[in-house]
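One is the number of the first residue; the rest follow in order along the sequence.
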Amino acid sequence: RTTAMRAKGYAGMGVPEFGPTVTRKFKDSQKDGNNYVDTEVEVSFPEWCRITVNRIVQGNVVSFPGPTVFWLECYNKKSRYVDAPNEQWRRRPSQMLEKCAEAGSLRRAFPEEFGEEYTVEEIGAFGSLATSALRGTVRAPRRPRVGSTRDRCGHA
């Protein structure tokens, strides 16, 4: 948002739209002494999110509907050994998905400012089983450029 504001054309965003809540079990593991024990964790999350960003173009406010961002395509895994979401994505599934949807919307509304820069939340999903499972139908985004203008949390 900060970068969009500096571009002098940011005119706010709409209320995030969320898809239905889905509950799914994920393979997990817990440390038991010196060994790891296979477990399962059940997580409820919105299936998708979409946000519209408004931009001033030639004196007019123009709405740029962002992409539909699916939770299973962008969540971060706890580790490379399990497909369970990490603690942030487990505790705050809507908030984390909303961040990714907003980033996608800002890239769409301000392509000259953001190009193909991705947030920290989005980057973690590049190696997830969810992305691998969808590899035939969904292309994984490129990694962010060196010298990115993102802050430590991945915000624009």
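Residue pairs satisfying the salt bridge (Lys or Arg N to Asp or Glu O under 4.0 Å) criterion with at least one member in residues 53-72, sequence neighbours excluded, are listed as follows: Arg55-Glu112. Residue pairs meeting the salt bridge (Lys or Arg N to Asp or Glu O under 4.0 Å) criterion with at least one member in residues 34-44: none, sequence neighbours excluded.
Hydrophobic clustering (side-chain heavy atoms under 4.5 Å, transitive across Ile, Leu, Val, Met, Phe, Trp, Tyr) keeps Trp48 apart from Phe45.
Listed by chain and residue number, Ser29, Lys31 satisfy the side chain to side chain contact (heavy atoms under 4.5 Å, CB included) test with Tyr36 (two or more places apart in sequence, or in another chain). Residues satisfying the salt bridge (charged side-chain N to carboxylate O under 4.0 Å, His left out) test with Arg108, not counting sequence neighbours, are none. Not a single salt bridge (charged side-chain N to carboxylate O under 4.0 Å, His left out) links Glu98 to another residue, sequence neighbours left out. Judged as a side chain to side chain donor-acceptor pair (under 3.5 Å), and not counting sequence neighbours, Gln58 has no contacts. In this structure Arg92 satisfies the side chain to side chain contact (heavy atoms under 4.5 Å, CB included) test together with Gln88, Gln95, Met96, sequence neighbours excluded.
Rounding to the nearest 0.5 Å places CG of Asn60 at 12.0 Å from CG of Asn54. Residue Ile51 holds its CD1 atom at 4.5 Å from CE of Met13, rounded to the nearest 0.5 Å. Taking CZ of Phe110 as the reference point, atom CZ of Arg1 lies at 12.0 Å (rounded to 0.5 Å). Note that the CG atom of Asn76 and the SG atom of Cys100 stand 7.5 Å from one another [nearest 0.5 Å].
Scanning both residues, Ala101 and Val69, for their nearest heavy atoms gives CA-CG2, 3.7 Å. Across Pro46 and Leu97, no two heavy atoms sit closer than the pair O-CD2, 3.6 Å.
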Name the atoms and distances for all side-chain donor-acceptor pairs under 3.5 Å in residues 16-26, with sequence neighbours left out.
| unit_1 | atom_1 | unit_2 | atom_2 | d |
| --- | --- | --- | --- | --- |
| Glu17 | OE1 | Arg50 | NH1 | 3.4 |
| Thr23 | OG1 | Ser44 | OG | 2.7 |

Next item on the list: Apply side chain to side chain contact (heavy atoms under 4.5 Å, CB included) to the pair Phe64 and Leu106, showing each step before the final yes or no.
Entry: CA-CA 9 Å; Phe64 290 84; Leu106 287 167; over 6 Å; no
Checklist line | Steps toward side chain to side chain contact (heavy atoms under 4.5 Å, CB included) verdict (Tyr10, Val53) | finding: CA-CA 8 Å; Tyr10 182 68; Val53 169; 3.9 Å; yes
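Using a 4.0 Å cut-off between charged nitrogen and carboxylate oxygen, Asp28 and Arg90 count as a salt-bridge pair.
Cluster note: Val37 groups with no other residue, as no ILVMFWY side-chain heavy atom lies under 4.5 Å from it. Hydrophobic cluster membership for Val15: none, as no Ile, Leu, Val, Met, Phe, Trp or Tyr side chain comes under 4.5 Å of it. Other cluster members for Val61: Ile56, joined by side-chain heavy-atom distances under 4.5 Å among Ile, Leu, Val, Met, Phe, Trp and Tyr.
Under the 30°/60° scheme for interplanar angles, the aromatic rings of Trp89 and Trp71 are found to stand perpendicular.
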